[in-house]
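Notes for the one structure printed next.
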Amino acid sequence: MDIKRHIIIKLESALKSLGIDAGQIILERPKDESHGDISTNAAMMYAKKENKNPREFAQSVIEKLFVPDEYVTKVTIAGPGFINFFISDNYYKVKLKEIISSSFLYGRLETNKGKTANIEWVSANPTGPLHAGHGRHISLGKAIANLLEWSGYKVTREYYYNNAGQQMESLAKSVYARYRQIFEPDYQFPSDGYAGEYIYEIANLLEKEHGDKLIDSDNTIFKQAGENWCFKSIRQTLHRLGITHEVFFNESSLYDSGKINETLDEFKKRSLSYEKDGAVWLKTSELIKDKKDAEDKVIVKATGEPTYRMPDMAYHIDKIKRGYNLIVDVFGSDHGDTYREVLAGVQGLGYDTSKIKVIIHQMVTFVQEGKPVKMSKRSDNVYYLDDLLDDVGVDVAQFFFVMRSANTHLEFDVELAREQSEKNPVFYLQYAHARICGILRNANEAFPDYKNSANVNYSLLNNAEEISLLKILSVFPDVVASACSAYEPHKIITYLNEVAENYHKFYHNHRVINADEKELSYARLKLCEASKTVLKNGFDIIGISAPERM
RNA sequence: GCGCCCAUAGCUCAAUCGGAUAGAGCGGCAGCCUUCUAAGCUGCAGGUUACAGGUUCGAUUCCUGUUGGGCGUGCCA
């Protein structure tokens with residue numbers, strides 16, 4: 001039973017009997033209770049086309065709706081011409097049964113069932129551990145991947161791995177220098193080297209294993225040791241956050257398979273590239289249409305080496321060819337320009353880029369006592385993601401990173417995040433869950449036969465707090481749908497806050513377990529179970545745990 | 001200079017393809033624990049949605065301009 005569908009069908013047939021072939025009808029959940037449970041602006045939309053007074057037109061629509069019926073108790077016209085539907089409490093009790101029986105599946109959608117999605121994110125180069133600033137990117141991607149899964153996609157999580165180029169040479173030189181300094185403290189550290197403390201650690205490992213035998217070795221072993229250490233570090237941090245990528249796509253494979261040259265040839269063939277100053281340029285100024293004053297970009301340097309755009313384009317072509325229904329890229333705002341170039345190039349070669357969705361998120365500032373701080377525990381003055389996770393905990397970090405809309409700058413209050421108190425917004429939600437778990441534990445003792453009770457009298461749930469809790473629980477699937485289509489997991493958090501608020505109010509006003517009123521207790525316990533389900537499922541999407549005790 | 005993004009309560013942020021009286025948390029003030037978790041609940045105060053125009057039944061949302069901030073603007077990735 002889907003009430004929205006029910007109402008849409010009624011509206012469509014009402015409009016039809018007025019001679020209007022309705023296109024899309026938009027239903028909303030009004031903010032104000034007095035405006036009913038569901039409202040539509042359809043009358044205003046079509047009145048305009050028909051050149052009629054919206055309120056009068058709404059009235060003629062209502063006359064054709066044939067309400068009240070089993071689930072719709074009342075329909076009113078309000079404001080400039082909204083049609084407001086009031087839904088019977090009985091409907092929500094049917095919903096409650098559904099929530100209980102769906103359990104961990106409640107909120108999972110079929111919208112994208114049978115479709116595949118690829119999401120690529122993190123993709124940090126193996127030149128050092130992840131730092132705190134990476135956190136937003138990582139947590140956001142994790143939550144979006146979860147959202148896609150909840151909407152029905154079969155999701156492939158992918159990491160674009162780049163262990164080539166200047167950066168790796170620099171890493172090798174850095175490791176070598178630290179290694180050699182063990183024996184020759186005055187040995188010069190390269191000016192463009194990685195100053196991080198972890199380089200010492202890698203060097204020490206090499207010394208432990210090989211002594212001084214590597215002094216005359218070439219870069220290879222240092223590069224390998226550095227890469228291995230860094231990549232292991234990255235994966236360990238990701239593991240702490242519960243992230244596993246199914247695919248690590250190695251950039252170098254694009255060279256090995258000849259795809260870079262292939263792509264380059266295609267550009268030439270289509271006259272989308274030209275040579276100038278010894279380099280090859282892509283005509284991005286012509287290819288990019290939605291940005292003013294776009295300039296041409298170099299894709300092959302005068303040295304003969306492709307710039308990063310080349311493999312990026314070949315990579316996207318590869319992903320397109322793999323046939324996903326959706327390809328998601330997550331980028332920080334510092335990559336805001338380059339993705340346009342890459343997509344424009346790919347599109348220029350005739351590929352359909354409409355399936356590629358690029359999520360751009362703004363940067364993070366870590367704040368303490370109201371001031372932006374460079375948090376560092378080490379000599380290299382870097383606040384690593386592991387340090388942040390140690391400081392505030394994995395759940396809190398994940399929550400804070402996903403809490404806000406991605407396209408606005410995020411202020412991460414480390415002080416607040418560290419606080420294990422009611423001030424911390426994570427605990428408000430988790431506390432509601434733990435509270436429910438406590439009650440359910442008590443119920444097992446108070447009513448040993450509760451678990452086996454088949455017939456629960458839901459009609460006993462009649463208080464204002466019970467009804468509004470039921471109503472909020474019933475819209476969870478809609479919230480998942482809207483969060484997913486907008487790629488905005490923070491919408492889930494906003495919603496869960498409403499759930500927790502309604503639950504706490506219910507809890508505060510009504511006692512659940514009461515030996516004298518067994519029937520009522522059972523009904524309320526079901527309401528608790530449903531609340532727990534919604535909270536738990538929501539936590540799963542945003543990627544935090546659901547504690548049973550706090 | 002140019003491009004992209006942003007500007008909402010003292011602070012951090014929401015606001016359903018443009019909807020009805022712009023909402024939460026924190027901070028401030030005032031209350032509620034002999035009953036299932038007080039990490040909770042209740043009440044009060046706090047706004048010209050940066051500014052100026054425009055579009056329309058209706059604008060925080062769309063358009064133009066101005067101001068202020070973030071990020072780009074490498075033959076780095």
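By convention in this document, chain letters (A, B, ...) are assigned in the order of the sequence lines, proteins followed by strands, and residues within each chain are numbered from 1. Hydrogens, waters and symmetry mates are skipped; everything else that's a heavy atom, side chains included, is used.
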What is the distance, to the nearest angstrom, from the [atom1] atom on [X] to the [atom2] atom on [N]?
| X | N | atom1 | atom2 | value |
| --- | --- | --- | --- | --- |
| Lys31(A) | G58(B) | NZ | C1' | 13 Å |
| Glu419(A) | G27(B) | CD | C1' | 12 Å |
| Gln166(A) | G74(B) | CD | P | 19 Å |
| Leu496(A) | A24(B) | CG | C1' | 14 Å |
| Asn514(A) | U35(B) | CG | P | 15 Å |
| Leu410(A) | C11(B) | CG | P | 17 Å |

What integer number of Å spans the [atom1] atoms of [N] and [M]?
| N | M | atom1 | answer |
| --- | --- | --- | --- |
| G25(B) | U42(B) | P | 9 Å |
| A7(B) | A50(B) | P | 8 Å |
| U61(B) | A22(B) | C1' | 12 Å |
| G70(B) | C32(B) | P | 47 Å |
| G23(B) | G47(B) | P | 14 Å |
| C63(B) | A59(B) | C1' | 12 Å |
| A14(B) | U55(B) | P | 31 Å |
| U60(B) | A20(B) | P | 9 Å |

So which nucleotide from [options] ends up closest to the side chain of [X]?
| X | options | answer |
| --- | --- | --- |
| Arg340(A) | C4(B), U16(B), C36(B) | C4(B) |
| Tyr428(A) | C75(B), G72(B), C41(B) | C41(B) |
| Arg404(A) | C75(B), U12(B), A20(B) | U12(B) |

Assert yes or no for the condition that the ring centre distance of [X] to [Y] is strictly below 6.0 Å.
| X | Y | value |
| --- | --- | --- |
| Tyr428(A) | His504(A) | yes |
| Phe57(A) | Tyr46(A) | no |
| His245(A) | Phe248(A) | yes |

- Message: When you compare the side chain of Asn537(A) with that of Val480(A), does any pair of heavy atoms fall below 4.5 Å?
- Response: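 No; the side chains remain at least 4.5 Å from each other.
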Kindly say whether, by distance alone, the side chain of [X] makes a donor-acceptor pair under 3.5 Å with the base of [N]?
| X | N | answer |
| --- | --- | --- |
| Tyr308(A) | A77(B) | yes |
| Ser405(A) | A14(B) | no |
| Asn84(A) | A20(B) | yes |
| Asn41(A) | G19(B) | yes |

- Message: Quick check: on RNA chain B, is the nucleotide nearest Leu416(A) upstream (toward 5') of the one nearest Glu411(A), or the reverse? Name the residue that is more 5'.
- Response: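 Whichever sits nearer the 5' end wins; that is Glu411(A).
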- Item | Along RNA chain B (nearest heavy atom to each residue), the more 5'-positioned of Gly278(A) and Met44(A) | Met44(A)
- Query: With respect to the phosphate group of A77(B), does any side-chain polar atom (N or O) of Asn125(A) fall under 4.0 Å of OP1 or OP2?
  - Reply: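 For Asn125(A), the contact criterion (side-chain N or O under 4.0 Å from OP1 or OP2 of A77(B)) is not met.
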- Item | Counter-base of C4(B), judged by Watson-Crick or G-U geometry with both distances under 3.5 Å |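 Its partner is G70(B).
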- Checking N1-N3 plus N6-O4 or O6-N4 for Watson-Crick, or N1-O2 and O6-N3 for wobble, each under 3.5 Å, the partner of U42(B) is A30(B)
- Can you label the angle between the Tyr450(A) ring and the Tyr522(A) ring as parallel, tilted or perpendicular, going by 30° and 60°?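 Plane angle over 60°, so perpendicular.
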- Determine, for Phe412(A) and Arg136(A), whether the Lys NZ or Arg CZ falls below 6.0 Å from the six-membered ring centre while staying within 45 degrees of the axis. no
- For His35(A) and A20(B), do the ring centres fall under 5.5 Å apart while the planes stay under 30° apart? yes
